[in-house]
Student: 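Please read through the structure below; I'll follow up with questions.
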Amino acid sequence: MDNKIIAGNWKMNHDPTDSFNLLDEITNGLKDRADHKNLIIFPPFIYLHAFNRYLTESKSILQLGAQNIHFEENGAYTGEISASMIKSTCKYVIIAHSERRQYFNETNETISKKIQVAMSQQIIPIFCVGEKLEDRESSKTFQTLEHQILPVISQINNITSQNIIIAYEPVWAIGTGLSATKEQISEVHLFIKDLLNKHFNIKPSILYGGSCNPSNAKEILTTPNVGGALIGGASLKSSDFLNIIDTAYNL
Ligand code: PGA
């Protein structure tokens, strides 16, 4: 057995009925399976409280995370959610997903504040990085990643290998059906691993995300330095998500 992290990012999908059905299907599916420890779903904020109660009452092994938090601890930020508000339901939070960088103008400065505020509440941030297609085509993948990682992590106090997770998600692979190849994933994960080790002396888990599905999960999860997968589309279908979990468990 391999202890990979399998994380499902539901994004802004599913009404309450469909969300509870999906949760039900996943947790029922997990009852027949062994006790894999690192299974996380990231539903919309609105479902976290009820999901947490459901998971606790059904003694499920499934864990919860949030898709975002605000960078301040509290205050006059209408419509926002703070780390302390999700602390009782979430062990993890996704920070700097490329959709948030693109549509909500997240900057290195706000991203590092979010990571710090998550850590201050003992929530593990899953810090997303990844190059756009134009970066890759102009051979700027490593440079882009360095610019996303170094200024952010250098602002974080008390970082350890255990209190942060990195997710490498090439933007061109997210939601496109076009996953990065094993070679591409392997060289980028090695680059990120070396960068973090050299500059900050940490070795966190590094997840891969971008069109991971039941057909390519085994190849992705057996790539060197891949600590697991962050899954979007395929996490919205219980059979696909459970299939990927089985793949991780049977490596
Ligand atoms: P995808 O999304 O699996 O649908 O490509 C991944 C992500 O956005 O985390």
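Remember, it's 1-based here, ligands and their atoms both numbered in the order they're listed.
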Student: With a cut-off of 6.0 Å (strictly less than), are more than 12 heavy atoms of other residues, nucleotides or ligands near CD of E73?
Tutor: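 No, CD of E73 has 12 or fewer neighbouring heavy atoms, counting only those of other groups under 6.0 Å.
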Student: What are the atoms of ligand 1, with element, lying closer than 4.0 Å to any heavy atom of G175?
Tutor: 1 (P), 4 (O), 5 (O)
Student: With a cutoff of under 4.5 Å between side-chain heavy atoms, which Ile, Leu, Val, Met, Phe, Trp and Tyr residues group with I124?
Tutor: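 Cluster partners of I124: I5, I40, F42, Y92, I94, I126, I165, L207, L230.
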Student: Between F191 and F142, how do the two ring planes meet: parallel, tilted or perpendicular, split at 30° and 60°?
Tutor: parallel
Student: With heavy-atom distances below 4.0 Å as the criterion, list the atoms of ligand 1 near G233.
Tutor: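 With G233 as reference, the close atoms of ligand 1 come out as 1 (P), 3 (O), 4 (O).
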Student: For H97, counting its heavy atoms only, list the atoms of ligand 1 lying under 4.0 Å from any of them.
Tutor: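 Those of ligand 1 that fall under 4.0 Å from H97 are 7 (C), 8 (O), 9 (O).
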Student: With respect to atom 6 (C) of ligand 1, which of G8, S211, C128, G232 exhibits the smallest heavy-atom separation?
Tutor: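 Nearest heavy atom to atom 6 (C) of ligand 1 lies in G232.
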Student: Could you please spell out the steps behind the salt bridge (Lys or Arg N to Asp or Glu O under 4.0 Å) verdict for K11 and E99?
Tutor: CA-CA 10 Å; K11 308 191 180 180; E99 287 146 18; 2.8 Å; yes
Student: What atoms in ligand 1 come closer than 4.0 Å to a heavy atom of A173?
Tutor: 5 (O)
Student: Would you find a donor on one side and an acceptor on the other, under 3.5 Å apart, between the side chain of N216 and the backbone of E219?
Tutor: no
Student: Any atoms of ligand 1 less than 4.0 Å from a non-hydrogen atom of G210? List them with their elements.
Tutor: 5 (O)
Student: Would you say A234 and ligand 1 have an N/O pair spaced under 3.5 Å apart?
Tutor: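 So ligand 1 has no N or O lying under 3.5 Å from an N or O of A234.
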Student: Is G209 close to ligand 1, meaning an N/O of one under 3.5 Å from an N/O of the other?
Tutor: no
Student: Show me, pair by pair, the donor-acceptor contacts under 3.5 angstrom made by side chains of residues 113-120, not counting sequence neighbours?
Tutor:
{"unit_1": "K114", "atom_1": "NZ", "unit_2": "N68", "atom_2": "OD1", "d": "2.7"}
{"unit_1": "K114", "atom_1": "NZ", "unit_2": "I69", "atom_2": "O", "d": "3.1"}
{"unit_1": "K114", "atom_1": "NZ", "unit_2": "E106", "atom_2": "OE2", "d": "2.7"}
{"unit_1": "Q116", "atom_1": "OE1", "unit_2": "N157", "atom_2": "N", "d": "2.7"}
{"unit_1": "Q116", "atom_1": "NE2", "unit_2": "N157", "atom_2": "O", "d": "3.4"}
{"unit_1": "S120", "atom_1": "OG", "unit_2": "V117", "atom_2": "O", "d": "2.7"}

Student: Checking the N or O distance criterion of under 3.5 Å, is ligand 1 in contact with E169?
Tutor: yes
Student: Taking only heavy atoms of K11 into account, list the atoms of ligand 1 that are under 4.0 Å away from them.
Tutor: 2 (O), 7 (C), 8 (O)
Student: Do any N or O atoms from the side chain of K4 and from the backbone of V226 form a donor-acceptor pair under 3.5 angstrom?
Tutor: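 Pair found, side chain donor or acceptor close to backbone of V226.
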